[in-house]
Amino acid sequence: MQTKIIVYCVTLLAVSWTTACKKTLPRTPDDENVLDGPIEGLTHEQNRIFLRGDVAFNNEIFTSSTGLGPLFVANSCGSCHAGDGKGHPFTTLTRFGQSDTVVGNLFLKMGGPQLQNRAIPGFQPEQIPAGATFSKFMPPANTGLGLLDAVPDEMLLSLSDEKDADGDGISGRPNWVHIPEYAALRAGYAERNNKYIGRFGKKAAVYNLLQQTANAYNQDMGINSSYEHFDTYTGQEIDPEVSNQTILDVVFYLKTLKAPVQRNQQDPTVQQGKQLFMAAACGKCHTPVLTTGTSDIAAIANKQFSPYTDLLLHDMGPDLDDGYTEGTATTAEWRTPPLWGLGLSKKSQGGQYFLLHDGRAQSIEAAILLHGGEAQNSRNKYKLLQAGEKDALIKFLESL
Amino acid sequence: MKKILFIIFLVSGIISDAMAQIDPALLRRVPKDSARTQLNMDAVYSRPFLQVGKLPISLGGYVEANYQYLQENGVSEGHQFQMRRLTLFVASTIYKRIKFLSEIEFEDGTKEINIEFASVDIEIAPLLNLRGGIVMNPIGAFNQNHDGPKWEFIDRPISATQMLPATWSNVGFGIFGKKYMENWVYAYEAYLTNGFDDKIIDNSENKTFLPASKNNRDRFEESFNGIPLFTGKIAVKNKMIGELGLSYMGGVYNKFEDDGLTLDKKRRVTTFAVDFNTVLPQTGIQINGEWAWVKVDVPDTYTEQYGGRQQGGFVDFVKPVLKKPMFGFEKAVLNVAIRGEYVDWNRDAFKATGGRIADEIFSIVPAISWRPVAQTVIRLNYRYNWQKDLLGNPPSRLAGFQFGFSTYF
């Protein structure tokens with residue numbers, strides 16, 4: 001009898017245990033609290049490509065036998081962009097060699113523009129050559145890149161005010177860059193002296209996501225492709241180590257990653273913070289709303305979205321002038337970084353903030369206080385706010 | 001149709017005739033040596049074997065299969081049925097003190113087929129036995145004592161199989177011996193074998209991963225670098241207290257020269273492990289645990305993702321709650337059990353910030369197991385893992401249920 005009771009009890013326990021799956025299995029994180037996942041509205045075919053790109057981006061780890069290096073910075077895309085969010089200083093990129101907008105990079109034959117600071121066993125990594133200025137670039141978040149890519153050049157030009165005609169002290173301008181042959185021009189592109197408007201990267205020196213991806217495979221991981229076919233170690237043209245299909249899948253993945261979802265939008269403090277943000281003219285560069293144009297991906301065509309960037313270059317003053325630049329940007333000019341996803345950065349940066357281009361700011365306030373140049377007035381307005389108002393503004397930024 | 005019926009009759013006739021020709025009396029269980037205290041190192045001998053008549057060969061093996069439903073961060077691969085292992089043992093007493101033992105394992109169907117163990121043991125004296133062939137390096141306890149039916153948990157311990165490379169065997173030679181003194185038994189083992197290769201820090205697992213060397217099929221034919229791997233273990237057991245084992249495994253893992261040319265400096269991998277098992281006398285609770293440390297000389301100029309130091313282990317508590325006839329099985333046992341596991345894949349710090357590298361996993365596995373006979377276990381496990389990435393971002397959570405059996409045959 002006792003046996004039966006125990007057996008029944010154990011069976012009952014086991015059955016109730018297994019049927020209580022909802023309680024005992026980990027839930028999907030709320031969509032607003034994660035950065036990864038596709039944009040809404042992809043077709044089934046597009047979902048398949050997205051998944052292929054996701055695997056290539058996050059799961060494919062390169063080793064020496066699959067082409068890693070021999071000199072490299074990271075061994076996978078996901079190493080630098082955990083959860084598709086901002087990166088950590090351990091995979092910071094170091095760029096060197098170009099200190100003005102005229103002569104260009106004088107150190108291209110000495111390993112420039114990017115330092116490969118790691119090497120597979122038996123090889124020695126690069127060193128920054130004597131006399132070369134350099135800057136460190138934190139890996140950015142990948143979210144919503146397809147939307148940024150689909151903003152027409154015309155809109156960026158409409159936001160620029162190169163000669164500060166309105167006299168507000170803010171004079172955003174595009175970075176006009178030469179583009180590689182494989183980078184197809186976007187619809188309605190703008191051109192100036194055979195140069196085109198760059199929009200990705202800290203200095204907006206990268207034209208589109210294909211260039212960014214092929215470049216990252218080559219410069220960050222030492223993986224050659226038919227797009228970027230010169231080995232970073234020997235400087236010689238070598239066989240592709242990744243297929244065009246994989247590169248294109250990753251580009252599609254980056255294009256179709258969802259935009260971050262703002263949290264606590266109805267919170268009165270967040271709303272107050274947004275008002276203060278706009279009142280301090282932060283929104284002059286961190287443009288709240290942009291609109292995409294046409295796109296071959298219907299889900300990102302003609303969409304209004306809130307990245308809080310104008311994708312233009314702004315002089316940020318001497319504190320952020322590293323003496324290194326790219327394209328036609330000056331050494332003190334930086335592309336306005338999108339603020340969307342800022343509040344989720346800690347979840348991809350190991351529980352702390354590493355903000356600004358090189359991660360030197362470890363809080364949002366520290367980042368604000370390092371703004372100079374065209375942003376000096378905004379910074380001063382922030383400094384004059386009451387403590388509660390500063391908290392509200394930061395709470396707003398954290399809600400993005 | 002008539003032809004088909006005729007063939008069916010013919011085939012069934014042949015089968016039943018053939019079965020009738022096997023005299024069950026010819027099949028006999030080889031008795032286990034239960035007179036002496038058994039250690040983890042005796043696991044290869046303390047398996048149920050079946051002998052046919054007076055043939056000098058004994059046969060055995062085990063099989064395990066399971067169902068599982070796991071979910072990671074809300075996403076599941078659905079219902080999975082898995083045939084994890086079919087393992088065959090062949091043993092032979094060549095002479096009274098010369099024995100051959102082997103273990104061939106088919107994992108995940110035929111995805112992996114491995115000779116896990118194939119050695120000849122020659123007893124010179126109780127304290128001096130020679131062993132040669134494919135031997136199981138005695139690092140920790142699980143590597144030696146890993147048969148599925150012995151455990152109440154469907155998954156093998158993470159620290160033993162993913163940090164240490166269980167089951168890890170290599171070609172080599174060595175010695176072992178035991179000394180019995182009243183309630184005590186002392187034992188040692190020492191082997192020189194082929195070893196690891198540079199895949200341990202150059203693999204798609206994105207972490208220092210000793211099991212990566214298992215993919216090197218050539219290791220049963222040639223050493224990767226010509227330097228033997230040393231593995232040694234000492235163990236002591238008291239009948240009243242339990243067993244304690246201390247083990248070491250170390251050697252050069254990289255190819256430092258080839259064709260007479262120097263390629264790199266010699267880089268070492270070193271592992272230490274401590275294992276312990278006992279039965280608490282008042283409660284009958286069995287405790288079985290293992291903790292290990294791994295140290296690898298990773299080049300300073302390589303990526304920090306491949307850590308130079310790892311540590312981890314597991315501890316199992318098994319409580320028999322019912323020992324009596326059940327459903328016609330005379331010696332059935334019902335157990336409740338729990339396993340706790342932890343592995344820190346990377347104990348180093350970030351060079352850029354000085355901050356601690358996380359990259360660790362915690363796991364807890366409550367279990368219910370039923371043993372209708374000692375050689376067969378039916379198991380229900382619930383697994384919950386927390387895994388943090390290198391940066392220490394919010395952990396990935398994996399949980400789910402597993403149900404299956406494992407039995408010697």
Side-chain angles (χ1 to χ4, degrees), chain A residues 2-4 6-7 9-11 13-14 17-19 21 24-30 33-34 59-66 68-69 71-76 78-79 82-83 85 87-92 117-125 136 346-352 354 359 362, chain B residues 69-76 198-199 201-206 254-256 263-265 267 298-299 301-306 321-322 324-327 332 334 336 350-353 355-358 366 368 370 380 382 384-386 388-394 396-401 403:
Chain A
Q2 193 194 358
T3 304
K4 280 187 179 173
I6 291 180
V7 169
C9 286
V10 169
T11 309
L13 181 70
W17 198 6
T18 49
T19 50
C21 283
T24 53
L25 299 179
R27 286 188 308 125
T28 311
D30 295 335
N33 285 322
V34 291
N59 298 1
E60 185 165 14
I61 310 296
F62 287 98
T63 65
S64 59
S65 58
T66 55
L68 178 67
L71 308 186
F72 64 98
V73 179
N75 59 353
S76 70
S79 303
H88 182 274
F90 105 100
T91 50
T92 296
N117 62 337
R118 295 189 171 98
I120 62 172
F123 286 77
Q124 288 301 313
K136 295 197 170 204
K346 278 184 177 178
K347 292 186 177 182
S348 66
Q349 296 189 306
Q352 55 191 316
F354 295 99
Q362 298 200 3
Chain B
Y69 184 89
L70 299 175
Q71 189 162 300
E72 185 168 14
N73 297 329
V75 179
S76 173
D198 51 17
K199 294 291 178 212
I201 61 157
D202 185 19
N203 58 66
S204 56
E205 293 290 327
N206 215 10
N254 67 325
K255 183 155 275 188
F256 52 91
L263 305 177
D264 196 1
K265 70 168 198 172
R267 298 186 184 279
V298 180
T301 52
Y302 197 47
T303 171
E304 291 135 282
Q305 263 165 304
Y306 297 87
V321 290
L322 199 61
K324 58 186 338 184
M326 280 184 255
F327 305 113
L334 187 70
V336 292
F350 287 113
K351 288 170 193 155
T353 63
R356 176 179 175 268
I357 293 177
I368 298 170
W370 182 54
L380 174 65
Y382 169 73
Y384 203 109
N385 287 358
W386 297 259
K388 283 191 175 179
D389 68 5
L390 210 66
L391 308 174
N393 289 318
S396 167
R397 293 166 196 271
L398 177 145
F401 295 91
F403 178 77

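A note on names: the letters A, B, ... follow the listed sequences, proteins ahead of strands, and every chain is numbered from 1.
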For this session: Answer yes or no: is there a side-chain heavy-atom contact under 4.5 Å between T353(B) and F354(A)?
Result: yes

Exercise. Would you say P121(A) and I201(B) make side-chain contact, with heavy atoms under 4.5 Å?
Worked result: yes

Per-residue contact mode, [X] against chain A (heavy atom under 4.5 angstrom):
X       : value
Y384(B) : side chain
T303(B) : both
D389(B) : side chain
N393(B) : both
K265(B) : neither
A352(B) : side chain
L390(B) : side chain
L398(B) : backbone

Seminar exercise, completed: Interatomic distance, CG@L391(B) vs OG1@T91(A), rounded to 0.5 Å, equals 7.5 Å

Exercise. Between atom CG of L25(A) and atom OH of Y69(B), what is the distance when rounded to the nearest 0.5 Å?
Worked result: 6.5 Å

Problem set entry | Candidate pair N75(A) and N206(B), rule side chain to side chain contact (heavy atoms under 4.5 Å, CB included), full reasoning | CA-CA 8 Å; N75(A) 59 353; N206(B) 215 10; 2.8 Å; yes

For this session: Output, in order, the C-alpha distance, side-chain angles, deciding distance and verdict of side chain to side chain contact (heavy atoms under 4.5 Å, CB included) for R118(A) and E304(B).
Result: CA-CA 10 Å; R118(A) 295 189 171 98; E304(B) 291 135 282; 2.4 Å; yes

Exercise. Given I61(A) and E205(B), is the side chain to side chain contact (heavy atoms under 4.5 Å, CB included) satisfied, shown in steps?
Worked result: CA-CA 7 Å; I61(A) 310 296; E205(B) 293 290 327; over 6 Å; no

Exercise. In terms of ring plane angle, is the pair F72(A) and Y302(B) parallel, tilted or perpendicular, where the classes change at 30° and 60°?
Worked result: perpendicular

Exercise. So which heavy atom on K199(B) is nearest to which on S65(A), and how close?
Worked result: NZ-OG, 3.6 Å

Seminar exercise, completed: Here the pair of heavy atoms bringing S79(A) nearest to Q305(B) is OG-OE1, 3.3 Å

Exercise. Hey, which of P89(A), P125(A), S64(A) has the most heavy atom pairs under 4.5 Å with chain B?
Worked result: S64(A)

Exercise. Taking every heavy-atom pair that is under 4.5 Å apart, which of G69(A), G359(A), S348(A) has the most such pairs with chain B?
Worked result: S348(A)

For this session: Check each atom of Q124(A) against the heavy atoms of chain B and say whether the ones under 4.5 Å are side chain, backbone, both or neither.
Result: side chain

